[in-house]
Amino acid sequence: MSRERILVCVAWPYANGDLHVGHVAGAYLPADIFARYQRLKGNQVVMVSGSDAHGTPIVVRAEKEGKTPRQVFEYFHARFLETQKAIGISYDLFTHTDTRNHHVIAQQMFRRLLENGRLFKAKQKQLYSETQGKFLPDRLVEGTCPICGYDKARGDQCDNCGNLLDATQLINPRSRIDGSTPIVRESEHYFLDLPAMREQLLAYLSDKDSYWRNTVLDFSRHYASTAEPRAFTRDLTWGIPVPLPDAEGKCIYVWYEALLGYLTATVEWAALSGQPDAWQDFWYTKDGQVKIYNFIGKDNILFHTVLWPAVLLGMGRLGEPWDGGRSGDTLRFNLPYDVPANQYLNLGGQKFSKSLGVSLDVIDLADKYGADPVRFYLTSIMPENKDADWSWSDFAQRNNSELLAKWGNLVQRTLSQIWRNFEGRIPIPGPFNESDQAMLAQSETAFNEVGESLDAVRLREALGKAMELATATNQYLDREAPWKAIKADRARAATQLYVAARVIDSLSILLSPFIPFTCEAVRKQLGYEAPLFGEQIIDIVGDESDRHSVLRYDGRRASGTWKPSTLQPGQLLSGEPKGLVAKIELPAA
RNA sequence: GGUGACGUAGCUCAGUCGGUAGAGCAGGGGACUCAUAAGCCCUUGGUCACUGGUUCGAGUCCAGUCGUCACCA
């Protein structure tokens, strides 16, 4: 198997509120499962994301709380780091969009698109506040909805009828800051020339039928074929300034610079790794061995399947300062290989909503129940094809009857017999009979079968296949009954328990992308020293004017490989086996 | 309003090229006892959202209706 390069790009959380399990189920967890699997396969994996630091909602929140936008985003950024570490999302780099690196490259992106004729200037009508002397962002205006008549519609959307609006459509508009009446004024902006790129985009989408999700592809094609120009800049105070002398007060539209984060985070990762050019292996190399995956929620599909490819195509090749002087005219960026977008996770039938208090704090859950029970449940209901719903009783039930009863108990019953009867050492097996061989063979083919589902990013299915092997192992034990054999034929019992332990060893790999903490613990019990995966570290990087905290992955000690167990007879267990998974008892509702 | 997706057992989901529905969990029964009363064996559950159409035959194709969701206007 040749070594592939896999770039796992994960949606950038917007730093104006905490993460909830919906975010985790939708993007971060699937990305992590996939990245862990690819690492086990021996591929070169880089997984990047970061906090989206700019934009109006952060400014609004800051004004409300009497803080600066920077204080707001830094507060949430720090919490994002803790949250994702707690739930075990193994980013190679989780950074943010207010770094010097990101600013520099974002402005370069703008210049490249302009030079390549992909941006053009046009006038746009916007609401302007005379009392404040600035253009008002759409969501800072309210007025009467022209569609339903609701009198508190926001400039971007009416909360009553749900229709999206243009602020200039509002009847009797007023500023949400001071209540004054804004006037309509023209503002000049840059637009991304999507019509000019329709053909190129459709060509990009033309060979995805065999593996893209059907919720993603048709939708994207339709949009690509009809796409109109889209604003690329905004009148904003908190963002990355348009790098032109006549563009005072204008910033790059937050959406685009956040997308660019996939590239800039890879660049930053490379620099932090001491191989400043290594990012090019992922974004430039055209050897057919690079695959870029974008893990996102369904609301972001078009941005990733159409707009981001358009930007990448539009940049064509890179100029200074990040191409190392190596790029030629024919080079262009690699585009996303797959965009396995998930649907939404709801909570008790309701959408997650910070303002309505419909939320589940991830750190809380991880503290209370452990990361793996949460990961296990979220994977088994992962909204791959349709919206899913978090249910507390289902969470407890799946934990107790599947994670604990099937997997945890399998480990416990096997290891405790070994501990008690074989002095805590993996027993030395005799000859394998047909039943033993079938059991071992099943555990070996499971690597292909589970791997096939993981490669196709069908994670629920992959977990299901791995759990089938756990069931088969329980069946093997019941069939063989080593607790009986131990009385009559100790050598036979040794073989049976060896086989079971070896399959458990394999299972600890097969399940590890999903429930890494539990699997690491099993391996420790089995007597292994080296961990399967590396460690996540919260780190402070950058020089004085660019200091920022990030989440990194240190994979130096990682030893896991996606291969069947070769468990050594005689290996000493680490101690008396004790339960891996706690039972979840919910208070009666 | 436009585009697209989804709606299958109490719950979570499979159903490939159309041939009167499957799994796991829950529920019911049983034999065992190594194990966190877990595991194993057997088993009860479905007008496949609705209405029409094509077909010898449709969960599976077509049209429409309803419901849910996302994006776009």
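Naming convention: chains lettered A, B, ... in sequence-line order (proteins, then strands); numbering from 1 in each chain.
- Between A:Arg458 and B:rA14 there is no side-chain polar atom (N or O) within less than 4.0 angstrom of OP1 or OP2.
- Put simply, CZ on A:Phe219 is 8 Å from P on B:rC72, counting in whole angstrom units.
- Listed for the A:Asn399 side chain is a donor-acceptor partner under 3.5 Å among the backbone atoms of A:Ala582.
- Residue contacts shown for A:Arg213 are absent, as no nucleic acid heavy atom lies under 4.0 Å away.
- A:Tyr377 pairs with exactly one of A:Tyr369, A:Phe395, A:Trp392, A:Phe514 by the ring pair (Phe, Tyr, Trp, His ring centres under 6.0 Å) rule, that one being A:Phe395.
- Near RNA chain B, defined here as any heavy-atom distance below 4.0 Å, the residues from residues 396-429 of chain A are A:Gln397, A:Arg398, A:Ser401, A:Glu402, A:Leu404, A:Ala405, A:Lys406, A:Asn409, A:Gln412, A:Arg413, A:Ser416, A:Gln417, A:Arg420, listed numerically.
- Side chain of A:Arg375 to backbone of A:Pro513: a donor-acceptor contact under 3.5 angstrom is found.
- Atom CD of A:Glu199 sits in a sparse spot, with 12 or fewer heavy atoms from other residues, nucleotides or ligands closer than 6.0 Å.
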Sort me out a list of protein N/O and nucleotides 60-64 of chain B N/O pairs below 3.5 Å, or just none if empty.
none

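- RNA chain B lies under 4.0 Å from no heavy atom of any residue of residues 498-505 of chain A.
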Does the pair A:Ser443 and A:Leu507 meet the rule for a side chain to side chain contact (heavy atoms under 4.5 Å, CB included), with working shown? CA-CA 8 Å; A:Ser443 72; A:Leu507 272 165; over 6 Å; no
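- Ranked by how close their nearest RNA chain B nucleotide is to the 5' end, A:Lys487 and A:Asp299 are led by A:Lys487.
- For A:Lys386, whose side chain is taken as the heavy atoms from C-beta onward, the closest listed nucleotide among B:rU33, B:rU8, B:rG4 is B:rU8.
- Residue pairs meeting the ring-ring contact (aromatic ring centres under 6.0 Å, His included) criterion with at least one partner in residues 406-432 of chain A, sequence neighbours excluded, are absent.
- Atom CD of A:Glu452 has 12 or fewer neighbouring heavy atoms from other residues, nucleotides or ligands inside a 6.0 Å radius.
- Ionic pairing of A:Glu468 and A:Lys406 is not present here: no N-O contact between side-chain nitrogen and carboxylate oxygen is shorter than 4.0 angstrom.
- Near RNA chain B, meaning a heavy atom under 4.0 Å from it, residues 465-480 of chain A has A:Thr471, A:Asn474, A:Gln475, A:Asp478 in order of number.
- Residue pairs meeting the ring-ring contact (aromatic ring centres under 6.0 Å, His included) criterion with at least one member in residues 215-234 of chain A, sequence neighbours excluded, are A:Phe232-A:Tyr256.
- Side-chain contact annotation: A:Tyr498 with A:Asp436, donor-acceptor N/O pair under 3.5 Å absent.
- Using a 4.0 Å cut-off, no side-chain N or O of A:Asn346 falls inside it from OP1 or OP2 of B:rU68.
- Taking atom P on both B:rC42 and B:rA31, the two are 15 Å apart, rounded to the nearest angstrom.
- When each of A:Trp255, A:Tyr262, A:Trp308 is tested with A:Phe303 by the rule ring pair (Phe, Tyr, Trp, His ring centres under 6.0 Å), just one qualifies, namely A:Trp255.
- Listed by chain and number, the residues in a side chain to side chain donor-acceptor pair (under 3.5 Å) with A:Thr518 are A:Asp372 (sequence neighbours excluded).
- Comparing B:rA21 with B:rU47, their C1' atoms sit 13 Å apart, to the nearest whole Å.
- For A:Glu520, the salt bridge (charged side-chain N to carboxylate O under 4.0 Å, His left out) test picks out no residue, with sequence neighbours left out.
- A donor-acceptor pair under 3.5 Å is formed between the side chain of A:Ser49 and the backbone N or O of A:Ala11.
- In this structure, A:Trp212 places its CH2 atom 15 Å from C1' of B:rG4, rounding to the nearest Å.
- Atom name C1', nucleotides B:rC62 and B:rG22: the rounded distance is 27 Å, in whole Å.
- B:rG7 and B:rU65 are spaced 14 Å apart, taking the C1' atom of each and rounding to whole Å.
- Separation of the C1' atoms belonging to B:rG45 and B:rA37 is 26 Å when rounded to the nearest angstrom.
- Closest-nucleotide positions on RNA chain B for A:His222 and A:Val581 were compared, and the one nearer the 5' end corresponds to A:His222.
- Remark: side-chain polar atoms of A:Arg221 are paired, donor with acceptor, to backbone N or O of A:Leu205 under 3.5 angstrom.
- Contacts of A:Arg502 classified as salt bridge (charged side-chain N to carboxylate O under 4.0 Å, His left out), with partners at least two apart in sequence or in another chain: A:Glu444.
- As rounded to whole Å, 22 Å separates atom P of B:rC25 from atom CG of A:Asp389.
- Spacing between atom CZ of A:Arg492 and atom C1' of B:rC34 amounts to 16 Å, rounded to whole angstrom units.
- In this structure, A:Lys583 reaches the B:rA38 phosphate: one of its side-chain N or O atoms is under 4.0 Å from OP1 or OP2.
- There is a side-chain donor-acceptor pair under 3.5 Å between A:Asn342 and A:Arg213.
- Within residues 437-451 of chain A, no residue is approached by RNA chain B to less than 4.0 Å at the level of any non-hydrogen atom.
- Rounded to a whole angstrom, the distance from the C1' atom of B:rU20 to that of B:rC71 is 39 Å.
- With a glycosidic angle further than 90° from 0, B:rG39 counts as anti.
- One can place CG of A:Asp372 at 20 Å from P of B:rU36, the figure rounded to the nearest angstrom.
- Comparing the C1' positions of B:rC61 and B:rG67 gives an interatomic distance of 23 Å, to the nearest angstrom.
- A salt bridge is absent between A:Lys368 and A:Asp361: the closest approach of a Lys/Arg side-chain nitrogen to an acidic carboxylate oxygen does not fall below 4.0 angstrom.
- Atom-to-atom, NZ of A:Lys578 to P of B:rU36 comes out at 14 Å; the value is rounded to the nearest Å.
- One can place CD1 of A:Ile584 at 16 Å from C1' of B:rA26, the figure rounded to the nearest angstrom.
- Side-chain contact annotation: A:Asn421 with A:Arg490, donor-acceptor N/O pair under 3.5 Å absent.
- Rounded to whole Å, atom P of B:rC13 lies 11 Å from atom CD of A:Gln343.
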Nucleotide-level pairing of RNA chain B, given in dot-bracket where Watson-Crick and G-U pairs need both distances under 3.5 Å and | marks other strands: (((((((..((((........)))).((((.........)))).....(((((.......)))))))))))).
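- Under the ring-ring contact (aromatic ring centres under 6.0 Å, His included) criterion, the residue pairs touching residues 189-216 of chain A are A:Phe110-A:Tyr190, A:Phe120-A:Phe191, A:Tyr211-A:Tyr337, with sequence neighbours excluded.
- Spacing of P atoms, B:rC11 relative to B:rG27, comes out at 15 Å, to the nearest Å.
- Checked for salt-bridge contact, A:Lys208 and A:Asp338 miss the test: no charged N lies under 4.0 Å from a carboxylate O.
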